[in-house]
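Structure, as structure tokens:
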Amino acid sequence: MERIDQIKKEFFEHASQVSMPEQLENLRVRFLGRKGKVTEAFSLIKDIAPEIRPRFGSGLNQLKKELEAHYEELKQRLEDSAENEDMLDVTLPGRKTFPGRKHPLLKIADEIKDIFHSFGFTIEDGPEIETDHYNFEALNIPKSHPARAMQDTLYITEDVVLRTHTSPVQIRVMEERKPPIRMIAPGRVYRRDTPDATHSPFFHQVEGLVVGESVTFADLKGVIQAFAHRMFGKDARVRFRPSFFPFTEPSAEYDVWFNGRWMEISGAGMVHPNVFRAVGIDPGKFSGYAFGMGIDRVAMLKYDIRDIRLFFDNDMRFLRQF
Ligand code: FA5
């Protein structure tokens, strides 16, 4: 009977050390296996005095049951903890996700679209990779014209360029649609400009075009004034200066005053008769105005940003402010 107690004590001592499946298997072999201590003890029965044999036998049976039960329990515990390893540890600190947000230029472009949409303008789109014809020729800028040098760009082939302005969308729309036309076309444009505080080699414009019977320069001024008030508030002021574009006559540039400073925003003018002729619109019957506004410049003025390059640096400290 002492032997039984001893086996039991040894078993539980070993069992308390078990933390891996191999250790558990060792435990089983050592105590419950074919040559294990329990089996060994059973073989003692035949040498034991017949009077105490039944007590020893039933003691051994009880021992075997108890050890087997404990073995099963340990096995279950190990299996459970193996499963837990694949599960989420809810005590770890969480991973923070940063919700995305609109780039400030996209926000301004959306505001511009909303404002002109509310004025009854449609919103059009055109390719960023343009033909020489749409970017220059159809806009009354022939090959030898000095205005080409001012808008020097990247040529893909002799006839295919990265567009230097959004004005080619005017031509594409007028080719497809009869007047009255009232549209804007926002998008990205490219020029071989050296970067500085107000110039980037890629930037964004929104083209505007209105064609109808008896459209005047006064209409242009009124719409731009109304736009400036909606975008910057009632204190904003607009000033037009004479300028030159081959595709408008007369031509102008306009600046907006806001937050204590003037900023050149846009070129504009009355659509040149040659442009109308190139798309088959009768300049004797129809007139129109057009403008090409720098979206980046509008954003700089509105948010009081002094360097255009900040928009393209991808610095989260800057971008998170909007
Ligand atoms: C044009 O691009 C004409 N297509 C505008 C136009 C349209 C005139 C329709 C008449 C009728 P300009 O090169 O001036 O014009 O550019 C227009 C505006 O784009 C500028 O006023 C300025 O706001 C912006 N801009 C021009 N170059 C850059 C640049 N490198 N970086 C950022 N903004 C620029």
Side-chain angles (χ1 to χ4, degrees), residues 105 108-109 112 121 124 126 128 130 134-136 138-141 145-154 161-174 181 183-211 215 217 219-221 223-224 227-228 231 238-256 258 261-276 287-302 305-312:
L105 291 178
I108 290 290
I112 293 172
F121 285 61
E124 311 293 340
E128 285 176 28
E130 258 302 2
Y134 284 108
N135 196 78
F136 294 123
L139 288 161
N140 206 26
I141 316 175
H145 200 288
R148 286 209 179 200
M150 282 166 60
Q151 296 196 1
D152 202 3
T153 185
L154 295 158
V161 297
L162 292 184
R163 68 178 177 185
T164 59
H165 50 177
T166 44
S167 299
V169 188
Q170 286 185 37
I171 306 298
R172 290 179 174 275
V173 170
M174 285 193 286
I181 293 168
M183 58 141 256
I184 58 163
R188 188 169 297 163
V189 301
Y190 306 84
R191 282 184 203 179
R192 266 194 48 194
D193 282 354
T194 305
D196 63 23
T198 52
H199 294 83
S200 166
F202 53 91
F203 58 102
H204 303 79
Q205 287 187 339
V206 54
E207 195 74 10
L209 173 70
V210 172
V211 183
V215 173
F217 202 96
D219 296 326
L220 167 66
K221 290 184 87 171
V223 162
I224 296 307
F227 163 77
M231 176 58 81
V238 179
R239 79 178 171 202
F240 280 75
R241 293 177 283 110
S243 186
F244 173 80
F245 296 101
F247 38 96
T248 46
E249 183 59 37
S251 300
E253 275 171 331
Y254 58 85
D255 311 326
V256 173
F258 177 64
R261 64 170 169 157
W262 288 102
M263 168 93 77
E264 182 199 312
I265 294 283
S266 181
M270 300 305 290
V271 180
H272 197 288
N274 285 353
V275 173
F276 278 146
S287 60
Y289 66 78
F291 57 85
M293 190 152 50
I295 295 176
D296 319 63
R297 297 277 181 90
V298 172
M300 286 175 80
L301 194 57
K302 177 136 180 175
I305 288 156
R306 302 290 164 143
D307 196 322
I308 194 173
R309 290 166 290 197
L310 285 167
F311 288 127
F312 310 117

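All ligand and atom numbering here is 1-based and tracks the order in the structure.
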Can the ring centroids of Phe245 and His165 be said to lie less than 6.0 angstrom from one another? no

Let me see the working for Val169 and Arg163 under side-chain contact (heavy atoms from CB on, under 4.5 Å), right down to the final yes or no. CA-CA 10 Å; Val169 188; Arg163 68 178 177 185; 3.7 Å; yes

I'd like to know if the side chain of Asn140 reaches the main chain of Pro246, judged simply by a donor and an acceptor atom lying under 3.5 Å from each other, with no hydrogens or angles considered. yes

Ring pair (Phe, Tyr, Trp, His ring centres under 6.0 Å) filter on Phe121, not counting sequence neighbours, yields Phe116

With sequence neighbours excluded, what pairs up with Asp193 under the side-chain contact (heavy atoms from CB on, under 4.5 Å) test? Arg191, His199

Provide, line by line, the atom pairs where ligand 1 and the protein bring an N/O atom each to a distance under 3.5 Å; else say none.
| residue | atom | partner | partner atom | Å |
| --- | --- | --- | --- | --- |
| ligand 1 | 2 (O) | Arg191 | NH2 | 2.8 |
| ligand 1 | 2 (O) | Gln205 | NE2 | 3.1 |
| ligand 1 | 4 (N) | His165 | ND1 | 2.8 |
| ligand 1 | 4 (N) | Ser167 | OG | 2.9 |
| ligand 1 | 13 (O) | Arg191 | NH1 | 2.8 |
| ligand 1 | 13 (O) | Arg191 | NH2 | 3.0 |
| ligand 1 | 16 (O) | Gln205 | NE2 | 3.4 |
| ligand 1 | 19 (O) | Gln205 | NE2 | 3.2 |
| ligand 1 | 21 (O) | Glu264 | OE2 | 2.7 |
| ligand 1 | 21 (O) | Ile265 | O | 3.3 |
| ligand 1 | 21 (O) | Ser266 | N | 3.1 |
| ligand 1 | 23 (O) | Ile265 | O | 2.7 |
| ligand 1 | 30 (N) | Asp193 | OD2 | 2.8 |
| ligand 1 | 30 (N) | Ser200 | N | 3.4 |
| ligand 1 | 30 (N) | Ser200 | O | 3.0 |
| ligand 1 | 31 (N) | Ser200 | N | 3.1 |

Can you name the side-chain contact (heavy atoms from CB on, under 4.5 Å) partners of Ala268, sequence neighbours left out? Leu220, Tyr254, Phe291

